[in-house]
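Order of appearance sets the numbers: ligands from 1, and atoms from 1 within every ligand. Values below: every heavy atom of this structure, side chains too, minus hydrogens, waters and symmetry copies.
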Amino acid sequence: MVKRQNIYQDIIKSVSTKEKLLAVLIDPDKFLIENTRSFIEKVNASIATHVFVGGSTVDDFATEVLVSEIKKNTSLPVVLFPGDITQITEKADAILFLSLLSGRNPDYLIGKHVEAVSKLDKTMLEVVSTGYILIESGKQTAVERVTKTKPLPRKEIQDIINTAKAGQLLGMKLIYLEAGSGAEKALSEKIIKSVKNELAIPLIVGGGIKSKAQLEQAYKAGADLVVIGTAFEDDDLFFEDLRLIN
Ligand code: 1GP
C-alpha cells in the first residue's frame with residue numbers, strides 16, 4: 001500500500017509560504033454516512049485543505065467506514081483526530097498523536113499512547129506528535145468530560161504559553177489550542193497571538209469558530225491551521241462563504 005507520508009512537511013511548507021490551512025472536522029458519531037458524498041463535494045469546492053475525522057465518543061468501526069467513504073470522494077489528506085484508540089484506522093493518511101498537555105490525567109498524557117502502539121505498528125499512518133491544550137471556553141466541553149481534566153483558564157496566558165512551549169521542548173511537532181467542540185467562546189486573538197509569538201512549530205486552533213470573520217481573525221492572530229466542525233454540521237450554507245475562488 002502506497003500512502004502519502006508528507007502531511008507534516010506540507011504543513012511546514014505552508015507555514016513558510018504563509019499559506020493558511022483549514023481542516024473540516026467530521027465527527028463520525030454525529031454524521032450520517034449516506035451524506036458523505038454530498039458533504040465532501042462541498043468540502044472539495046471550499047478553501048479547506050484537510051479533512052479531520054474524530055470525536056470524543058465514537059462507536060467501534062464507525063471511523064473506519066466513514067474514512068473509507070471520505071477517501072473515495074476527495075484527494076485532500078484525511079487526518080485522524082482521535083478521542084480514543086478505537087478510532088485508529090489505516091484507511092486515513094495520518095494521525096494526530098495527541099497528548100493532552102493541559103490536563104493531568106496520565107491516560108491522556110501517555111497511557112493511551114502506549115496502548116496505541118501495537119495498533120499503529122500495523123498501519124502506514126503518518127504519526128504526527130501533537131501537544132493538545134484545552135482552554136476554558138464558557139461551558140464544559142466533551143473533552144473535559146471524557147478526559148476528566150480541567151481546561152487552562154483563559155486569563156492565564158503565561159501558563160498557556162509555557163504549556164505550549166513545554167510541548168515544543170518535548171519534541172512535539174504541532175501545538176493544537178482547543179476551545180472545545182461547539183465552544184461558546186472561540187479563542188481570543190490575544191491567546192493565539194501570545195502563543196504563536198513564542199512557538200517555532202506550527203499552531204493549530206479550533207473550537208467555536210462559526211464565521212468567516214472569526215476564521216480570518218484566527219489566521220491574523222497567528223493560527224497556521226484552523227479546525228472547524230460544528231459550524232458545518234449546523235449550517236451547510238457556511239460552505240458558501242468559504243468557496244474556492246477561481
Ligand atoms: C473540536 O476544534 C474542533 O475539537 C472544532 O470545534 O466543532 O466548535 O468547530 P468546533
Tell me the protein heavy atom at minimum distance from atom 10 (P) of ligand 1, and give that distance in Å. T230 OG1, 3.5 Å
Take a 6.0 Å sphere around NZ of K119 and say whether it holds more than 12 heavy atoms from other residues, nucleotides or ligands. yes
Do ligand 1 and G229 have nitrogen or oxygen atoms that lie under 3.5 Å from each other? yes
Pull out every atom of ligand 1 sitting under 4.0 Å from any heavy atom of G207, numbered as shown with elements. 2 (O), 3 (C), 5 (C), 6 (O), 8 (O)
So, regarding G208 and ligand 1 (criterion: nitrogen or oxygen to nitrogen or oxygen, under 3.5 Å), is there a contact or not? yes
Over 60° means perpendicular and under 30° means parallel, so classify the ring planes of F81 and Y176, tilted if in between. parallel
Is there a heavy atom in G182 that sits closer than 4.0 Å to ligand 1? yes
Side chain to side chain contact (heavy atoms under 4.5 Å, CB included) partner of H113, the single match among I110, V117, L109: I110
Is there a heavy atom of F81 sitting under 4.0 angstrom from any atom of ligand 1? yes
Considering only heavy atoms of I228, which atoms of ligand 1 have at least one such atom less than 4.0 Å away? 9 (O)
Are E41 and R37 within salt-bridge range, i.e. N to O under 4.0 Å? yes
Quick look: Y176 vs ligand 1, heavy-atom contacts under 4.0 Å, and the answer is side chain
Hey, can you tell me if F232 and F239 have their rings parallel, tilted or perpendicular (30° and 60° cut-offs)? parallel
Residue portion contacting ligand 1 (non-hydrogen atoms closer than 4.0 Å) for L25: side chain
Taking the basic N atoms (NZ, or NE/NH1/NH2) and the acidic carboxylate oxygens, is any pair closer than 4.0 Å for E90 and K122? no
Heavy-atom nearest neighbour of atom 1 (C) of ligand 1 within options E233, K210, E178, K30: E178
Whether over 12 other heavy atoms sit under 6.0 Å from K42 NZ: yes
